[in-house]
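Please read the structure below before turning to the comments.
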Amino acid sequence: MNTNIIANNDNNFSKNILILGGADGIGFAISKVYEKLNYNIYVTSRNKHKDSNNIKYFILEATKENSWLDLKEKFNKDNIVFDIILNTIGILHDEVNNIYPEKSIKNMDINFFMKNMEINSLVSALCIKHMIEFISKNNRTVIASLTARLGSISDNNIGGWLSYRASKAAQHMIIKTASIELSRNYNNLIIIGLHPGTVSTKLSKPYIKSAKNVFEPKYSARKLVSVIEKLDYTSTGKVFDYSGKIIPY
Ligand SMILES: NC(=O)c1ccc[n+]([C@@H]2O[C@H](COP(=O)([O-])OP(=O)(O)OC[C@H]3O[C@@H](n4cnc5c(N)ncnc54)[C@H](OP(=O)(O)O)[C@@H]3O)[C@@H](O)[C@H]2O)c1
């Protein structure tokens with residue numbers, strides 16, 4: 001029997017957060033902040049991890065519908081209701097195939113483009129599609145996806161990194177579109193995008209040597225949690241940076 005769930009059902013102060021891709025990088029740092037806030041933490045990863053204290057791990061291949069159905073079966077058994085659902089899954093390069101973001105459209109590779117769309121955009125849509133069953137209509141709920149300022153069309157002044165930019169712009173459209181539709185039935189649901197800043201993780205490692213203002217994951221995580229905590233119903237459908245400023249589409 002899952003004692004975390006019992007604690008949650010019996011104790012109004014104990015909230016549940018789901019972090020997709022939360023075994024590493026910014027997602028992991030965010031899980032540590034919510035652990036200190038006494039949340040029950042549910043993390044998905046493609047790989048097996050051992051549960052620890054308040055953190056329970058689940059396997060998810062987030063681009064596969066069947067894997068979502070398996071996950072839902074587990075959450076259904078536990079009657080779980082999430083207060084926060086955070087998608088931190090994303091890619092910028094493909095180390096296995098040695099493909100890095102395009103400096104020119106001439107270098108564009110179809111498989112790399114499609115992989116960016118699949119992991120950075122499609123997963124955000126699948127997350128909302130499947131996890132909407134695990135939120136309450138009465139309680140304030142946040143569904144947030146880590147995105148990037150680079151996905152802003154109006155803020156794009158230097159070009160480059162076509163596949164990543166296109167996939168993050170598509171992610172913004174998914175957030176906006178889902179927020180409009182779901183606000184009709186879920187008055188307390190806030191669906192947003194969050195830009196974490198430039199953060200030292202395996203995703204950013206090849207690019208940050210020359211970057212200014214590189215954050216440690218812990219710092220970015222604390223800033224993002226503080227943004228999440230301040231959101232209200234007027235925030236839905238928007239993209240915010242780590243300091244709470246709106247990023248235009
Ligand atoms: N780091 C930055 O400077 C920065 C800047 C702007 C935006 N962001 C955004 O922030 C998010 C998190 O980035 P991060 O820096 O924390 O990266 P990260 O350390 O590489 O973590 C990303 C997570 O995505 C999951 N993932 C990677 N490839 C996947 C795949 N093919 N299929 C399914 N899941 C996959 C991994 O989970 P498992 O391996 O456990 O499955 C991993 O934990 C991304 O959306 C990124 O675009 C980051």
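Just follow the structure's listing: the first ligand is 1, and inside any ligand the first atom is 1. Here, residue 1 is the first one in the sequence, and each next residue gets the next number.
- Counting atoms of ligand 1 from 1 in the listed order, those under 4.0 Å from a heavy atom of A148 are 6 (C), 7 (C).
- Listed by atom number, the atoms of ligand 1 under 4.0 Å from T198 heavy atoms are 3 (O).
- Remark: minimum distance from atom 34 (N) of ligand 1 to any protein heavy atom is reached at I89 CG2, 3.3 Å.
- Close approach of ligand 1 to G197 is summarised as follows: ligand atoms under 4.0 Å from at least one heavy atom of the residue are 2 (C), 3 (O), 4 (C), 5 (C), 6 (C).
- The distance from ligand 1 to the heavy atoms of L146 drops below 4.0 Å at these ligand atoms: 10 (O), 11 (C), 12 (C), 45 (O).
- The side-chain heavy atoms of L224 and L146, taken from C-beta on, include a pair separated by under 4.5 Å.
- Salt bridge present: E35 and K32 bring a charged side-chain N and a carboxylate O closer than 4.0 Å.
- Considering T88, V96, T201, D24 only, the shortest heavy-atom separation from atom 12 (C) of ligand 1 involves T88.
- Residue K168 places at least one N or O, backbone or side chain, under 3.5 Å from an N or O of ligand 1.
- The distance from ligand 1 to the heavy atoms of Y164 drops below 4.0 Å at these ligand atoms: 7 (C), 8 (N), 46 (C), 47 (O).
- Between the side chain of N120 and the main chain of I91, a donor-acceptor pair closer than 3.5 Å is present.
- For the pair F240 and I246, the minimum side-chain heavy-atom distance is below 4.5 Å.
- Protein heavy atom nearest atom 21 (O) of ligand 1, with residue, atom name and distance: K202 NZ, 4.2 Å.
- At least one heavy atom of P196 sits closer than 4.0 Å to an atom of ligand 1.
- Checking only distances, G21 does come within under 3.5 Å of ligand 1, N or O to N or O.
- Counting the atoms of ligand 1 from 1 in the order shown, those under 4.0 Å from a heavy atom of G25 are 16 (O), 19 (O).
- Considering only non-hydrogen atoms, atom 9 (C) of ligand 1 lies nearest to T147 out of L203, I59, T147.
- Shown here for P217 and G25, the closest heavy-atom pair between the two residues is CB-O, 4.3 Å.
- Residues T44 and L18 are in side-chain contact: their nearest non-hydrogen atoms beyond the backbone lie under 4.5 Å apart.
- Taking each heavy atom of P196 and F215 in turn, the nearest pair found is O-CD1, 3.6 Å.
- Residues K72 and F134 meet the side-chain proximity criterion, which asks for heavy atoms closer than 4.5 Å.
- A donor-acceptor contact shorter than 3.5 Å is absent between the side chain of S121 and the backbone of E118.
- Close approach to I91 involves these atoms of ligand 1, each under 4.0 Å from a residue heavy atom: 28 (N).
- At a 3.5 angstrom cut-off on N or O pairs, S45 counts as close to ligand 1.
- Residue R46 has at least one N or O atom closer than 3.5 Å to an N or O atom of ligand 1.
- Polar contact check, I26 against ligand 1: a nitrogen or oxygen pair lies under 3.5 Å apart.
- The single protein non-hydrogen atom nearest to atom 31 (N) of ligand 1 is I119 CD1, 3.1 Å, given as residue, atom name and distance.
- For the pair K202 and D24, the minimum side-chain heavy-atom distance is below 4.5 Å.
- Between the side chain of R165 and the main chain of G160, a donor-acceptor pair closer than 3.5 Å is present.
- The shortest contact between atom 44 (C) of ligand 1 and any protein heavy atom is with G90 CA, 3.7 Å.
- Looking at V199 next to ligand 1, an N or O pair under 3.5 Å apart turns up.
- Closest heavy-atom contact between G151 and K168: CA-CB, 3.6 Å.
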